[in-house]
Amino acid sequence: MIKLNRAITIGIPCEIMPHEGRVPILPSSIHQLQLNVRCSGCVLNVVVQKGLGSSLGMTDEIWARAGARVEEKESVYAASDVILKIKQPFSEEVSLYHDGQVSACFHHMAANRDVVAALIKKQVRIAPFEYHRPGLHAMSAKAGRQVPTILDRLRGNKWMEEDIFFGGARGVAVQHAISACYGRGVPLSHIHACDIATGAFSSSRTGMSYDTFSSKNGRKLCAELRKCRILILAAAGSSGAVRFLKLRYIDNFADGAVIVQISIDEGGNIDEPAFQRVTYWNDPSYEVTRAGKKFTICNIPNIPGCLVPYNASLALERANFLYYAHILASFPDISPELLYLP
């Protein structure tokens, strides 16, 4: 018989980012998570904020029947050893965290440095989802597959006749975006794939192969940008988004170009503030005018409003479930590789 020698509480607050409908774990999985953690000798208590998952049609009663305690926001933070959420903590949430807590979510470390520093100053430990590849890849894949839907909304069906520039081609999001666009009928001759490091890229998943080039070749990059009226960008490294499209490249964009950035939560891939605003599915785009040219910008984060929240929540939960269990079972002596340390 397992000796239960300690209790741990996980708290799941509501997201404050506009239009963020996902939850990190579904009510139906709470019992299984408790069983997983129990194997390490822990009793797991779950407390959720009132109204959690309302965009998925979940009521407080559903969470309660699943074994969670339903509380106000302040009580969730105060009672919890681990705060589990989707999006990064915002500055107005920092005061709710306390010494010794673990914050587990997509922290977007590079673009959210000030808040992360404030949490570390409070002795909060940071467990970033973006350092756990299965969860990051699950959301990146869904983001990439939504690119045709985004382009349908912005351009109707005419976009399939356009040349498309895909920046950061070895990334998961762009691989899926290329495959999704090809599946909708975009010919390989209209696919211009830029691997920002090497220029060598082919998709073993689909068997597709097409010409690629490196951003180190500035002359070729400018030539490719001039051909394309659609740009799909999603390139992020260990220190955040790689802003490989510098200001000098923008003048090569075609008048009327549509630009979609999937890595916007890490700052985006264009090194110019006018192109770095976050957009949402209910108001998906804005316009930027530069040197007499007008561009339509649609910057999709990962990915409120763009996906069905339930499906995205389920995909993230499946990818991250063992990660959650490991964080909880290890508390308070969590493996250093899971944490961002000061």
Side-chain angles (χ1 to χ4, degrees), residues 17-21 139-169 171-194 224-236 241 243-245 249-309 311-312:
M17 184 173 183
H19 312 292
E20 175 55 79
M139 293 297 96
S140 295
K142 282 190 169 291
R145 289 195 291 267
Q146 286 301 309
V147 165
T149 303
I150 294 165
L151 295 177
D152 282 343
R153 180 160 182 174
L154 296 177
R155 300 282 278 225
N157 289 328
K158 292 183 178 180
W159 67 267
M160 288 178 283
E161 302 170 6
E162 306 273 12
D163 283 53
I164 305 176
F165 177 93
F166 295 90
V172 172
V174 172
Q175 286 191 42
H176 283 274
I178 292 173
S179 296
C181 291
Y182 179 69
R184 283 290 298 275
V186 176
L188 290 180
S189 59
H190 287 191
I191 293 175
H192 305 260
C194 170
E224 297 296 311
L225 290 171
R226 283 193 289 270
K227 295 177 186 176
C228 301
R229 291 175 61 85
I230 297 173
L231 290 79
I232 310 298
L233 309 177
R243 296 184 182 176
F244 64 97
L245 291 183
Y249 291 123
I250 295 176
D251 292 335
N252 293 281
F253 296 174
D255 184 32
V258 169
I259 301 160
V260 178
Q261 294 186 88
I262 298 172
S263 53
I264 194 62
D265 275 336
E266 294 292 346
N269 299 127
I270 300 176
D271 196 15
E272 168 59 33
F275 294 84
Q276 294 167 11
R277 283 171 45 190
V278 174
T279 55
Y280 300 100
W281 199 230
N282 65 330
D283 185 19
S285 63
Y286 63 95
E287 292 185 345
V288 171
T289 300
R290 174 180 168 81
K293 297 179 183 178
K294 187 176 291 185
F295 311 120
T296 299
I297 316 299
C298 181
N299 291 334
I300 301 299
N302 280 347
I303 348 168
C306 183
L307 296 176
V308 177
N311 292 342

Pairing donors with acceptors under 3.5 angstrom, does anything connect the side chains of Asn299 and Thr279? no
Is there side-chain contact between Ile259 and Leu233, with heavy atoms separated by less than 4.5 Å? yes
With a 4.5 Å cut-off on side-chain heavy atoms, are Phe295 and Glu287 touching? no
With side chains defined as the heavy atoms from C-beta onward, is the minimum distance between Ile191 and Val186 less than 4.5 Å? yes
What do you reckon, is NZ of Lys293 surrounded by more than 12 foreign heavy atoms closer than 6.0 Å? yes
Treating Asp255 as the side-chain partner and Lys294 as the backbone partner, does any N or O pair qualify as donor plus acceptor under 3.5 Å? yes
Point-to-point distance, once rounded to the nearest 0.5 Å, from CD1 of Ile270 to OH of Tyr249: 13.0 Å
Closest approach of Gly144 and Ala180, non-hydrogen atoms and distance? O-CB, 4.3 Å
For Ser140 and Ala173, indicate whether the former's side chain and the latter's backbone hold a donor-acceptor pair under 3.5 Å. no
Check whether any side-chain heavy atom of Ile297 lies under 4.5 Å from a side-chain heavy atom of Val258, and answer yes or no. no
Pair Phe166-Cys181, side chain to side chain contact (heavy atoms under 4.5 Å, CB included): steps then yes or no: CA-CA 11 Å; Phe166 295 90; Cys181 291; 4.0 Å; yes
Considering all heavy atoms of both residues, which atom of Phe244 and which atom of Cys194 are nearest to each other, and what is their separation? CE1-SG, 4.3 Å
Phe275 vs Ile250, side chain to side chain contact (heavy atoms under 4.5 Å, CB included): CA-CA, chis, key distance, verdict: CA-CA 10 Å; Phe275 294 84; Ile250 295 176; 3.6 Å; yes
With sequence neighbours excluded, what pairs up with Arg290 under the side chain to side chain donor-acceptor pair (under 3.5 Å) test? Asp251
Pair up each side-chain donor or acceptor in residues 158-165 with any protein partner under 3.5 Å, not counting sequence neighbours, and list the distances.
unit_1: Trp159; atom_1: NE1; unit_2: Asp152; atom_2: OD1; d: 2.8
unit_1: Trp159; atom_1: NE1; unit_2: Gly156; atom_2: O; d: 3.4
unit_1: Glu162; atom_1: OE2; unit_2: Arg155; atom_2: NH2; d: 2.9
unit_1: Asp163; atom_1: OD2; unit_2: His192; atom_2: NE2; d: 2.6

Quick check against the 3.5 Å criterion: does Asn269 have a side-chain atom that pairs as donor or acceptor with the backbone of Ala235? yes
Note: Ile262 and Ala234 closest approach over all heavy atoms is CB-CB, 3.7 Å
Counting N and O atoms only, with roles assigned by atom type, does the side chain of Gln261 sit under 3.5 Å from a partner on the main chain of Cys298, one being a donor and the other an acceptor? no
Within this structure, what is the SG-CZ distance for the pair Cys228 and Phe253, rounded to the nearest 0.5 Å? 10.5 Å
Can you tell me how far the CZ atom of Arg153 sits from the CG atom of Leu151, to the nearest 0.5 Å? 12.5 Å
Could you verify whether a donor N or O on one side chain and an acceptor N or O on the other, from Arg226 and Asn252, lie under 3.5 Å apart? yes
Listed by chain and number, what are the side-chain contact (heavy atoms from CB on, under 4.5 Å) partners of Ala141, not counting sequence neighbours? Arg145, Val172, His176
Ile178 side, atom CD1; Leu188 side, atom CG - distance, nearest 0.5 Å: 10.0 Å
Given side chain to side chain contact (heavy atoms under 4.5 Å, CB included), test Leu231 with Leu245 step by step and report yes or no. CA-CA 11 Å; Leu231 290 79; Leu245 291 183; 4.2 Å; yes
State, to 0.1 Å, how close Ala177 and Ile232 come at their nearest heavy-atom pair, and which atoms those are. CB-CG2, 4.3 Å
Which atom names give the shortest non-hydrogen contact between Arg229 and Ala254, and what distance separates them? CG-CB, 3.9 Å
Locate the shortest heavy-atom distance separating Arg184 from Asn157; write the atom from each residue and the value. NH2-OD1, 4.0 Å
